[in-house]
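Reading through the structure tokens given below for one structure.
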Amino acid sequence: MSVDPMTYEAQFFGFTPQTCMFRIYIAFQDYLFEVMQAVEQVILKKMEGIPGCDITPVQIRKCTEKFLCFMKGHFDNLFGKMEQLFLQMILRIPPNILLPEDKCQEMYPYSEEEFQLLQKEIKELQEKCKVEMYTKQALLAELEEQKIVEDKLKQTLTLFDELENVGRDHGTSDFRESLVSVVQNSRKLQDIRDNVEKESKRLKIS
Amino acid sequence: FDEIIVDIATKRKQYPRKILECVIKTLKAQHE
Amino acid sequence: GTAVSRVKLLDTMVDTFLQKLIAAGSYQRFTDCYKHFHQLQPEMTQRIYDKFVTQLQASIREEISEIKEEGNLETVLMSLDKIVEDGKKRKEPAWRPSGTPEKDLCSVLAPYFLQQRDTLRRHVQKQEAKNQELAEAVLAGRRQVEELQRQVQARQQAWQALHRERRELAAVLKEP
């Protein structure tokens, strides 16, 4: 007959029910022997006080053994029945009952395969997390760069604006026009100069 | 035999919680 | 009907055990065994038997109390009553350790790994959304930079054209 080690009960009680019963059996048996011993001692003592008593201690011992043997037989039989009831109704976790510390087995019945899948999914998510972090850093870096480039470009545009403004501050709205007008004016100046030179030559000669 | 049973049962009761504590610490550290 | 508490069951079983044991070891049986002494001292025999019975009962009851005390058995049995009461709706056999710790541990760790998975999922989703916005901002920034570069190029070309014209005009000027 295969022994039921009752490990689940041992998990709850912290001892195996069989051990508990064995401990109770030994204790009860010891008491039975002790009480029988005490009975025998008392009878022997009483006999000493009875004058002309022809009963010998050996006879009393035989009586004790006879009564004890009888009692022991019944004791074992009754204790066997009690032990069975104890193991069935008291020191036992009913098959449909789960201990609180094992509640998760019921709530998350995960096989090893499913658990590995879950761990794989977590690893993938961790990788994804990293990728997203790197992406974020790259995007932020590019935004940073863009800011710098934009500032530079805006500075350049401002420079051009300032150049235009310089022109404007001196009365010419548009450089091209101003250049043309400068060139025309300088040409006029050249003509005038030429004329002046011709005139002065002429005067010298005359 | 009895001691082995009690030893196994005790481990079954206590070790998942201990392992769990370590795993939670690991998960927290990973997260950080 | 209503479940009898395990502690009460235990006491009842011990009482029954004692009653039956005492019934088996009856006074009749006792005097049969100690026949001669009983004939000499019937009252004494009765008193010794009574003492035997009370002493045996007292010792056994005391032992049970000690065991209850030592193992805190009453509290433990009451908590088991509670666990059984809470779980009585379930009829089919409940889970039991498989004997392979790695296997059993999966369900213990699963809730925490599920939690971690959900946290990571949320984290990734949040980061993806943020990165989406950043990516759009980067694209807008790129367009903005292109636009500015175009503007600068246009202004630069205008200036270069102007510079070329100025040189030409100046060249014209220099003609003797």
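So you know, we letter chains A, B, ... as the sequences are listed, proteins then strands, and number each from 1.
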Counting only heavy atoms not in [X], do more than 12 fall under 6.0 Å of its [atom1]?
X	atom1	result
A:Lys103	NZ	yes
C:Gln157	CD	yes
A:Phe22	CZ	no
A:Gln29	CD	yes
A:Arg61	CZ	no
C:Lys20	NZ	no

Where on [X] is there a heavy atom nearer than 4.5 Å to chain A: the side chain, the backbone, both, or neither?
X	answer
C:Gln153	neither
C:Leu40	side chain
C:Ile83	both
C:Lys130	neither
C:Met13	both
C:Asp32	backbone
C:Leu109	both
C:Gln151	both
C:Val7	neither
C:Lys88	backbone

If you count heavy-atom pairs under 4.5 Å between each of [options] and chain A, which one has the most?
options	result
C:Leu105, C:Leu77, C:Asp81	C:Leu77
C:Glu70, C:His123, C:Glu92	C:Glu70
C:Pro97, C:Ala137, C:Pro111	C:Pro111
C:Leu9, C:Leu134, C:Ile60	C:Ile60
C:Asn131, C:Val124, C:Val14	C:Asn131

Tell me which of these, [options], has more heavy-atom pairs under 4.5 Å with chain C than the rest.
options	result
A:Glu34, A:Gln116, A:Met71, A:Glu65	A:Met71
A:Thr64, A:Asn77, A:Thr156	A:Thr64
A:Lys62, A:His74, A:Glu142	A:Glu142
A:Lys128, A:Glu121, A:Met47	A:Glu121

Does any backbone or side-chain atom of [X] lie under 4.5 Å from a heavy atom of chain C? Answer side chain, backbone, both or neither.
X	value
A:Ile55	side chain
A:Ile43	both
A:Glu150	both
A:Tyr8	side chain
A:Leu159	neither
A:Gln105	both
A:Phe15	side chain
A:Asp194	neither
A:Glu132	both
A:Leu118	side chain

(message) Using 30° and 60° as the class boundaries, would you call the ring planes of A:Phe115 and C:Phe113 parallel, tilted or perpendicular?
(response)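 Ring orientation, 0 to 90° scale: perpendicular.
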(request) Please state whether the rings of A:Phe67 and C:Tyr34 are parallel, tilted or perpendicular, taking 30° and 60° as the class boundaries. (result)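 The rings of A:Phe67 and C:Tyr34 sit tilted, inter-plane angle from 30° to 60°.
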(message) Rounded to the nearest 0.5 Å, what separates atom OH in C:Tyr49 from atom CZ in C:Arg29?
(response)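 Reported to 0.5 Å precision, the distance equals 11.0 Å.
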(request) Working to the nearest 0.5 Å, report the span between CZ of A:Phe70 and NZ of A:Lys66. (result)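 Rounded to the nearest 0.5 Å, the CZ-NZ separation comes out at 10.5 Å.
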(request) State which residue, out of C:Arg47, C:Gln41, C:Met44, fulfils the side chain to side chain contact (heavy atoms under 4.5 Å, CB included) condition with A:Lys46. (result)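 Option passing the side chain to side chain contact (heavy atoms under 4.5 Å, CB included) with A:Lys46: C:Met44.
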(request) Quick one: which residue pairs count as a salt bridge (charged side-chain N to carboxylate O under 4.0 Å, His left out) with a foot in residues 71-84 of chain A, not counting sequence neighbours? (result)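 Listed by first then second residue: A:Lys72-A:Asp76.
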(request) State plainly whether the residues A:Arg187 and A:Asp191 are in salt-bridge range, i.e. N to O under 4.0 Å. (result)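 Judged by the 4.0 Å cut-off on N to carboxylate O distance, A:Arg187 and A:Asp191 do not form a salt bridge.
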(message) Would you say the ring centers of C:Phe52 and C:Tyr27 fall short of 6.0 Å from each other?
(response)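 Between C:Phe52 and C:Tyr27, the centre distance exceeds or equals 6.0 Å.
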(request) State, without any angle test, whether A:Gln155 and A:Asp151 hold a side-chain donor-acceptor pair at a distance under 3.5 Å. (result)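 A:Asp151 and A:Gln155 do not have a side-chain donor-acceptor pair below 3.5 Å.
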(request) Tell me yes or no: between the side chains of A:Glu113 and A:Ser111, is some donor less than 3.5 Å from an acceptor? (result)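 On atom types as modelled, these side chains qualify, holding a pair under 3.5 Å.
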